[in-house]
Enquirer: 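The structure follows.
Here is how names work: the chains are called A, B, and so on, in the same order as the sequence lines, proteins then strands, and each is numbered from 1.
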Amino acid sequence: MGRAFRYGDNVDTDVVIPARYLTTTDEKELAAHALEDLDATFVERVSVGDIVVAGKNFGCGSSREHAPIAIRGTGVAGVVASSFARIFFRNAINTGLPIIECPEAVAGISEGDEVTIDAEAGIVRNETTGEEFKGEHLPEFVMDIVRAGGLVEWVKSKGAS
Amino acid sequence: MGSTITQKILARAAGRDEVGAGEIVTCKVDLAMANDVTAPSAADAFRRMGVPDVWDRSKIALVASHFVPAKDIATAKLMTRMRQFAMEYDIEHFFEVGRGGIEHILLPEEALTLPGQVVIGADSHSCTYGALGCFSTGVGSTDLAAVWATGEIWLKVPETMKIVYTGVPGDWVMGKDLILSVIGRIGDDGASYMAMEHTGEGIRHLSMDSRLTLTNMAIEAGAKSGIVPPDETTLDYVRTRQEIMGRPNDFEVLASDDDAHFARVIEVDLNDVEPMIAQPSLPSLSIPVSTVERRKVDQVFIGSCTNARIEDLRMAAHVLGDDRIAPGVRLMVIPATQRVWKQANDEGLLQRFADAGASVSTPTCGACLGAHMGVVGPGEVCVSTSNRNYVGRMGDPTAQVYLANPAVAMAAAVVGEIVHPDEVRNAPTSLDPAVTA
Ligand code: SF4
């Protein structure tokens, strides 16, 4: 369970992790600047298990995998959004950042609410209000990658078979 | 029911007769590209995958484009990691600084992207190659590493949004204005997960350079890909490039069937399109330049994979004429590739820009992503020919970035304010070098 950090539509990868920090691929260094240009105090306030909740088109913009890695590096348990931009969606799956697409949950969560998520089942619970939401189910093929533990492991397992 | 061009390309690559929108298919990849920002992580992921070798060393392109020439020690290290990977796996198409440029302009020039192919790039603007009539899309580093390992990628077959152009473009109107007006209409996620197919009689009036701008910004509408079905302009371009590069590979020219299903159809009468400008801080905040509030500018950037080809530089030079850059304004001109740089040099364009007081640099993404060579400071106003004006994209989060075509950008540099290019010069009748040089 963690607290919800609420943001709006079109949170782009330039604010998730500005290009000036792309000079590294280190998760900890990236995490120190996560969402910096959107919310300069996010990194100070966030604790392990918290949830980022945002509107539509989350992660639009660049293909930088640094974006989901930076968010994951802060200890955030996952991102719940009304919709995800497609490259960010793939990158999140591939790098193991839990994501749930669920506009109803986004509408039903306020800043600071206590939230629990089960990304595999696509379930979001607002513990503050007691409401439960069911998000988009991931395609079976994509779930295989998630279950394998990400794309690297998935390719490895295919190579072995 | 018939198929769209995108469905046909993906069906061929998946070894199927046809594929339906929404299906997940595994496709064979014809070219897999990464740059100095994405290749280092891709190389790490590839090594962790534990496969002995890349699937095909002739189908991988590694391009030094973003932080080049290295701006500091950290970026020098990124380049080293990419260079080492290129050496270790004997990658055939590795483009070192000074021998390449921005990938999305470079690879078509090199005749490495061809009609009918599936091109996967670890860069979001990989949708650009669709101007040649191929399927091309951007992915992250790990996805790309999996392509290097297997030669394949999983893709969800996209729905298609068809944009039908009629009429003839008026004065100053370039590919940039078409795509900005479309994004203004449909929004920043208006084509989410879709293929944007640009078609109709009006497209015939667009040069290859302008078409590449059109597909370049598919991602700014949330699209997976952008595509222009090949016509004579495409084939002339592709064959010329193949001949010059000595790469006479076969390719496939496809088109959508008349009875294909389109998720949405939009009509654009080119006679109605004016030069556009996207206001801070979203590409969708685009309006005709004739209606924008006049504003003093601090910096103008003519560069990026969107608008730094030869047509763009000729247009900029035309607007500049024999004028000088307005006092108080900085103009950065960065040709997209080494080839464009040399051609602009031969045509006297670079000299003209420099004489006028511009900073003219070696090919790099540079200022486009706020990396170097023109980072904007707090509160500054910048007109840029690039594709993104998101908060903080070009530097300080309080900077205000406008997106426009090179004519509008140069007009701002000459006047020192955002103005319609009509205020500075008459529109060119042709962008033939004989007219502008
Ligand atoms: S020029 Fe800009 S948009 Fe194009 S590839 Fe480089 S950073 Fe990306």
Enquirer: When you measure from the side chain of Thr215(B) to the backbone N and O of Thr128(B), does any donor-acceptor pair fall under 3.5 Å?
Expert: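 Yes.
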Enquirer: Checking an interface table here. Which of residues 114-137 of chain A come within a heavy-atom distance under 4.5 Å of chain B?
Expert: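 The list, in residue order, is empty: none.
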Enquirer: Side chain of Ser225(B), backbone of Phe135(B): donor and acceptor closer than 3.5 Å?
Expert: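 Such a contact is absent between Ser225(B) side chain and Phe135(B) backbone.
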Enquirer: How far apart are the closest heavy atoms of Val80(A) and Phe84(A), and which atoms are they?
Expert: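 It is C-CZ, 4.5 Å.
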Enquirer: For the residue pair Asp26(A) and Thr24(A), what are the closest heavy atoms and their distance?
Expert: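 Taking every non-hydrogen atom into account, N-OG1, 3.0 Å.
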Enquirer: Taking every heavy-atom pair that is under 4.5 Å apart, which of Asn10(A), Val142(A), Thr23(A) has the most such pairs with chain B?
Expert: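 The candidate making the most pairs under 4.5 Å is Thr23(A).
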Enquirer: Taking non-hydrogen atoms and a cut-off under 4.5 angstrom, which of residues 64-74 of chain A neighbour chain B?
Expert: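 Listed by number, the contacting residues are Arg64(A), Glu65(A), His66(A).
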Enquirer: Which pair of heavy atoms, one from Thr398(B) and one from Gly379(B), lies closest together, and at what distance?
Expert: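 Of all heavy-atom pairs spanning Thr398(B) and Gly379(B), the closest is OG1-N, 2.9 Å.
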Enquirer: Is Arg147(A) salt-bridged to Glu140(A), going by a charged N under 4.0 Å from an acidic O?
Expert: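 Judged by the 4.0 Å cut-off on N to carboxylate O distance, Arg147(A) and Glu140(A) do form a salt bridge.
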Enquirer: Measure the spacing between CD of Glu36(A) and CG of Asp14(A) and express it to the nearest 0.5 Å.
Expert: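 The CD atom of Glu36(A) sits 12.5 Å away from the CG atom of Asp14(A).
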Enquirer: Which of the residues Leu78(B), Val51(B), Thr75(B) is involved in the greatest number of heavy-atom pairs with chain A at under 4.5 angstrom?
Expert: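 Among Leu78(B), Val51(B), Thr75(B), the one with the most close pairs to chain A is Leu78(B).
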Enquirer: Taking every non-hydrogen pair under 4.5 Å, which of Asp12(A), Val15(A), Thr25(A) racks up the most with chain B?
Expert: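 Among the listed options, the one with the most contacts to chain B is Asp12(A).
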Enquirer: So how far is it from Arg388(B) CZ to Met394(B) CE, rounded to the nearest 0.5 Å?
Expert: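 The CZ atom of Arg388(B) sits 13.0 Å away from the CE atom of Met394(B).
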Enquirer: What is the distance from atom CG of Leu62(B) to atom CE of Met79(B), rounded to the nearest 0.5 Å?
Expert: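 Rounded to the nearest 0.5 Å, the CG-CE separation comes to 9.0 Å.
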Enquirer: Mind ranking Asp123(B), Thr38(B), Val375(B) by heavy-atom pairs under 4.5 Å with chain A and telling me who comes out on top?
Expert: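 Option with the top pair count is Asp123(B).
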Enquirer: Side chains of Glu103(B) and Ser65(B): donor-acceptor distance under 3.5 Å anywhere?
Expert: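 Yes, because at least one side-chain N or O of Glu103(B) sits under 3.5 Å from a partner of the opposite role on Ser65(B).
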Enquirer: Counting heavy atoms not belonging to Lys71(B), are there more than 12 under 6.0 Å from its NZ?
Expert: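 Count over threshold, so yes.
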Enquirer: Pick one of side chain, backbone, both or neither for Thr26(B), based on which atoms fall under 4.5 Å of a heavy atom in chain A.
Expert: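 Side chain of Thr26(B) only, per the 4.5 Å heavy-atom cut-off to chain A.
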Enquirer: Would you name the heavy atoms of Met49(B) and Ala146(B) that are closest together and state the gap between them?
Expert: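 Result for this residue pair: CE-N, 3.7 Å.
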Enquirer: Please list, in residue-number order, every residue in residues 37-61 of chain A that has a heavy atom less than 4.5 Å from any heavy atom of chain B; write 'none' if there are none.
Expert: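 The list, in residue order, reads Asp37(A), Lys56(A), Asn57(A), Cys60(A), Gly61(A).
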Enquirer: Say whether Asn387(B) and His125(B), considering side chains only, have a donor N or O and an acceptor N or O under 3.5 Å apart.
Expert: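 Indeed, the side chains of Asn387(B) and His125(B) share at least one donor-acceptor pair under 3.5 Å.
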Enquirer: What heavy-atom pair brings Ala45(B) and Ala145(B) nearest, and what distance separates the two atoms?
Expert: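 Taking every non-hydrogen atom into account, CB-CB, 3.8 Å.
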Enquirer: When only pairs under 4.5 Å are counted, which of Tyr193(B), Phe46(B), Phe67(B) shares the most heavy-atom pairs with chain A?
Expert: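 Winner by heavy-atom pair count: Tyr193(B).
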Enquirer: To check you understand the geometry: which heavy-atom pair defines the closest contact between Ala122(B) and Ser126(B), and what is its length?
Expert: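 Of all heavy-atom pairs spanning Ala122(B) and Ser126(B), the closest is N-OG, 4.3 Å.
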Enquirer: Is it true that Arg6(A) and Asp113(A) have a side-chain N and a carboxylate O under 4.0 angstrom from each other?
Expert: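 Looking at Arg6(A) and Asp113(A), the cut-off is not met.
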Enquirer: Have His372(B) and Thr364(B) got a donor and an acceptor in their side chains that come within less than 3.5 Å?
Expert: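 Distance-only check passes for His372(B) and Thr364(B).
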Enquirer: For chain B, find its close neighbours in residues 85-95 of chain A: heavy-atom separation under 4.5 Å, sorted by number, or none.
Expert: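 Residues Ala85(A), Arg86(A), Ile87(A), Phe89(A), Arg90(A), Asn91(A), Asn94(A), Thr95(A) are the ones that qualify, each having a heavy atom under 4.5 Å from chain B.
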Enquirer: Using modelled atom types only, decide if a donor and an acceptor are shared between the side chain of Glu153(A) and the backbone of Gly150(A) within a distance under 3.5 Å.
Expert: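 Not confirmed, Glu153(A) side chain does not pair with Gly150(A) backbone.
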Enquirer: Looking at Pro397(B), Ala42(B), Ala223(B), Gly138(B), which has the largest count of heavy-atom pairs under 4.5 Å with chain A?
Expert: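 Result: the option with the highest number of such pairs is Gly138(B).
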